[in-house]
Amino acid sequence: MKHTARAFWLSAPGRGEIREERLVAPAEGEVLVRTLYTGVSRGTETLVFSGRVPENQHATMRAPFQEGEFPAPVKYGYLSVGRVEEGPDALVGRNVFCLYPHQSRYVVPTSAVTVVPESVPAARAVLAGTVETAVNALWDAAPLVGDRIAVVGGGMVGCSVAALLAGYPGVRVQLVDADPARADIARALGVDFALPGDALGECDLVVHASASEQGLVTSLGLLAAEGTVIELSWYGDRRIALPLGEAFHSRRLTIRSSQVGTVSPAARPGRTYADRLALALELLADARFDALVTGECAFDELPDVLPRLASGELPGLCHRVRYAAE
């Protein structure tokens, strides 16, 4: 039935379930989307699944089409690719990306969907939200031709940043991660790889995305004098300690935050959220990004799979969820 759906809900921290949903027929200016794939954002979604969103961040961390409240019950997620079944003629039959939770069908305003270019497979388009984060980070970082750059943390975001940096002329790019298995992904993305103890120093710029205290300490240690760390990690309710004594001041180091919730002020004036997402989808025509999808399951398996992703039992980067036609 087109106007019914099934959705994944976090019923309690650490426990999820699939619930039946009833949909209202799309009105003028709305579309009905049948989901093809969703992606699990390991960093944010596993924190949500574990009930670790700080109370003072409940409003900030709301997903665009979230239902319920943190810590639970809540319907959460924001990497969805589907096909428009009802709506304006120009959109019916087109694949679209939407910041929607894990649900088999949904109705949203037409303004909430972005058409996936014909050159981008639907299965790869689930990475759009992550690549959008990487685009915003590089707008914030403003790397220069010839810069020496490290990306510390080889997760979805870090690898997306590294993949984009590989196209910058004259830069030295190294992906740094404690997991030696990330070397294969770095190779697929066309960048160098190093374990933290072997990483090249004297960096003009370090992009940190490991979400760990040690990763940020490592990032500071890799900087040249007057170098900058762009901090992309979100730590949830954890506090971290940093060596801001030692040589931090004498070497005039900088730590700058970057967050996808705001379009970087360094972007061309007038750039919107929609422009940024459309750019991310265009960049996904590059087949190298397929290396970031390291696992897949059926939608019905998600209640059993998410606890294993949150615990680290299932390693990897993006976990893709596929939906059967209903």
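Because the structure is predicted, anything quoted here is derived from the model rather than measured.
- Looking at T38 and Y100, their side chains never bring a donor and an acceptor atom within 3.5 Å of each other.
- Annotation: side chain of L284 is in contact with side chain of L127 (closest heavy-atom distance under 4.5 Å).
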| task | Give the intermediate values and the outcome of side-chain hydrogen bond (donor to acceptor under 3.5 Å, both in side chains) for residues S80 and Y106. | result | CA-CA 10 Å; S80 180; Y106 49 89; 3.1 Å; yes
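- V120 and L99 end up in the same hydrophobic cluster when Ile, Leu, Val, Met, Phe, Trp and Tyr side chains are linked at under 4.5 Å.
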| request: Step by step, work out the side-chain contact (heavy atoms from CB on, under 4.5 Å) result for E45 and H319. | output: CA-CA 11 Å; E45 284 199 61; H319 191 89; over 6 Å; no
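- The shortest side-chain heavy-atom distance between V263 and R276 falls under the 4.5 Å cut-off.
- No donor-acceptor pair closer than 3.5 Å links the side chain of D147 to the backbone N or O of I149.
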| message | Run the side-chain contact (heavy atoms from CB on, under 4.5 Å) test on T133 and S160 for me, step by step, so that the C-alpha distance in whole Å, both residues' side-chain angles and the decisive distance to 0.1 Å come before the verdict. | response | CA-CA 9 Å; T133 301; S160 296; over 6 Å; no
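- Distance check: L175 CG to D177 CG gives 6.5 Å after rounding to the nearest 0.5 Å.
- The backbone N or O of L47 sits nowhere less than 3.5 Å from a side-chain atom of S50 that would complete a donor-acceptor pair.
- Counting all heavy atoms, side chain and backbone alike, A122 lies closest to V81 at O-CG1, 3.8 Å.
- For the residue pair S210 and H208, a side-chain donor N or O sits within less than 3.5 Å of a side-chain acceptor on the partner.
- For the atom pair OG of S257 and CG of D140, the computed distance is 7.5 Å after rounding to the nearest 0.5 Å.
- Here the side chain of R182 pairs a donor or acceptor atom with the backbone of G154 at under 3.5 angstrom.
- Between C159 and F289, every side-chain heavy-atom pair lies at or beyond the 4.5 Å cut-off.
- A cation-pi arrangement is found for R320 relative to Y37, the charged atom lying closer than 6.0 Å to the ring centre and inside a 45° cone about the ring normal.
- V173 and V206 are not part of a single hydrophobic cluster, where members link through side-chain heavy atoms under 4.5 Å apart.
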| Audit row: L309, V40, side-chain contact (heavy atoms from CB on, under 4.5 Å) steps and yes/no | CA-CA 9 Å; L309 291 171; V40 176; 4.0 Å; yes
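- Counted by atom type alone, H3 and E21 present zero donor-acceptor pairs between their side chains at under 3.5 Å.
- Using a 4.5 Å cut-off on side-chain heavy atoms (C-beta onward), D300 and I18 make contact.
- The two residues R271 and D275 have their closest heavy-atom pair at CA-OD2, 3.6 Å.
- Linking Ile, Leu, Val, Met, Phe, Trp and Tyr residues whenever their side-chain heavy atoms come within less than 4.5 Å leaves L242 and L205 in two separate clusters.
- Two residues are said to be in side-chain contact when any heavy atoms from C-beta on lie closer than 4.5 Å; L292 and I185 meet this criterion.
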| task | Take V191 and L165 through the test side-chain contact (heavy atoms from CB on, under 4.5 Å) and record every step on the way to the result. | result | CA-CA 9 Å; V191 298; L165 283 170; over 6 Å; no
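- Interatomic distance, L164 CG to L189 CG, rounded to the nearest 0.5 Å: 9.5 Å.
- In the model, S264 has no side-chain atom that pairs as donor or acceptor with a side-chain atom of N136 under 3.5 Å.
- A donor atom on one side chain and an acceptor atom on the other are found under 3.5 Å apart for S233 and E231.
- A donor-acceptor pair shorter than 3.5 Å can be found between the side chains of Q103 and K75.
- Without hydrogens or angle criteria, E301 side chain to A298 main chain gives a donor-acceptor distance under 3.5 Å.
- No donor-acceptor pair under 3.5 Å is formed between the side chain of R83 and the backbone N or O of V33.
- Distance alone, capped at 3.5 Å, places no donor-acceptor pair between the R187 side chain and the D192 backbone.
- Considering all non-hydrogen atoms of both residues, A125 and F97 come closest at O-CD1, 3.5 Å.
- The pair E213-R239 does not meet the salt-bridge criterion, since no charged nitrogen lies less than 4.0 angstrom from a carboxylate oxygen.
- Between atom CG of residue L277 and atom CD of residue E282 there is a gap of 10.5 Å, rounded to the nearest 0.5 Å.
- In this structure, CG in L314 is found 9.5 Å from OG1 in T294, a value given to the nearest 0.5 Å.
- Within 6.0 Å of atom CZ in R252, 12 or fewer heavy atoms from other residues, nucleotides or ligands are found, so the atom counts as exposed in its surroundings.
- Although no hydrogens or angles enter the test, the distance criterion places a donor-acceptor pair under 3.5 Å between the side chain of Q174 and the main chain of L200.
- Atom OG1 in T35 sits 8.5 Å away from atom CZ in R105 (nearest 0.5 Å).
- With contacts defined as side-chain heavy-atom distances shorter than 4.5 Å, the pair L302/H102 qualifies.
- There is a side-chain donor-acceptor pair under 3.5 Å between S41 and Y78.
- Nearest heavy atoms, T4 versus L23: O-CD1, 4.1 Å.
- The backbone N or O of G82 sits nowhere less than 3.5 Å from a side-chain atom of Y323 that would complete a donor-acceptor pair.
- Note on L244 and I240: same hydrophobic cluster, where clusters join Ile, Leu, Val, Met, Phe, Trp and Tyr whose side-chain heavy atoms are under 4.5 Å apart, directly or indirectly.
- One hydrophobic cluster holds both F8 and L36 under the rule that ILVMFWY side chains link at heavy-atom gaps under 4.5 Å.
- The closest donor-acceptor contact from the side chain of R62 to the backbone of Q66 lies under 3.5 Å.
- Taking the side chain as every heavy atom from C-beta outward, E17 and R19 approach each other to under 4.5 Å.
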| task | Kindly indicate, with the supporting measurements, whether the criterion salt bridge (charged side-chain N to carboxylate O under 4.0 Å, His left out) is fulfilled by E296 and R322. | result | CA-CA 7 Å; E296 185 174 287; R322 64 181 181 276; 3.2 Å; yes
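- D204 contributes a side-chain N or O that, together with a main-chain N or O of R148, makes up a donor-acceptor pair within less than 3.5 Å.
- Inter-residue side-chain proximity for L138 and Y168 is flagged as met; some heavy-atom pair is nearer than 4.5 Å.
- Here the two rings, on F70 and Y76, have centers that are under 6.0 Å apart.
- Of all non-hydrogen atoms in A209 and L232, the two that sit nearest each other are CB-CB, 4.3 Å.
- For G77 against A63, the heavy-atom pair with the smallest separation is O-CB, 3.8 Å.
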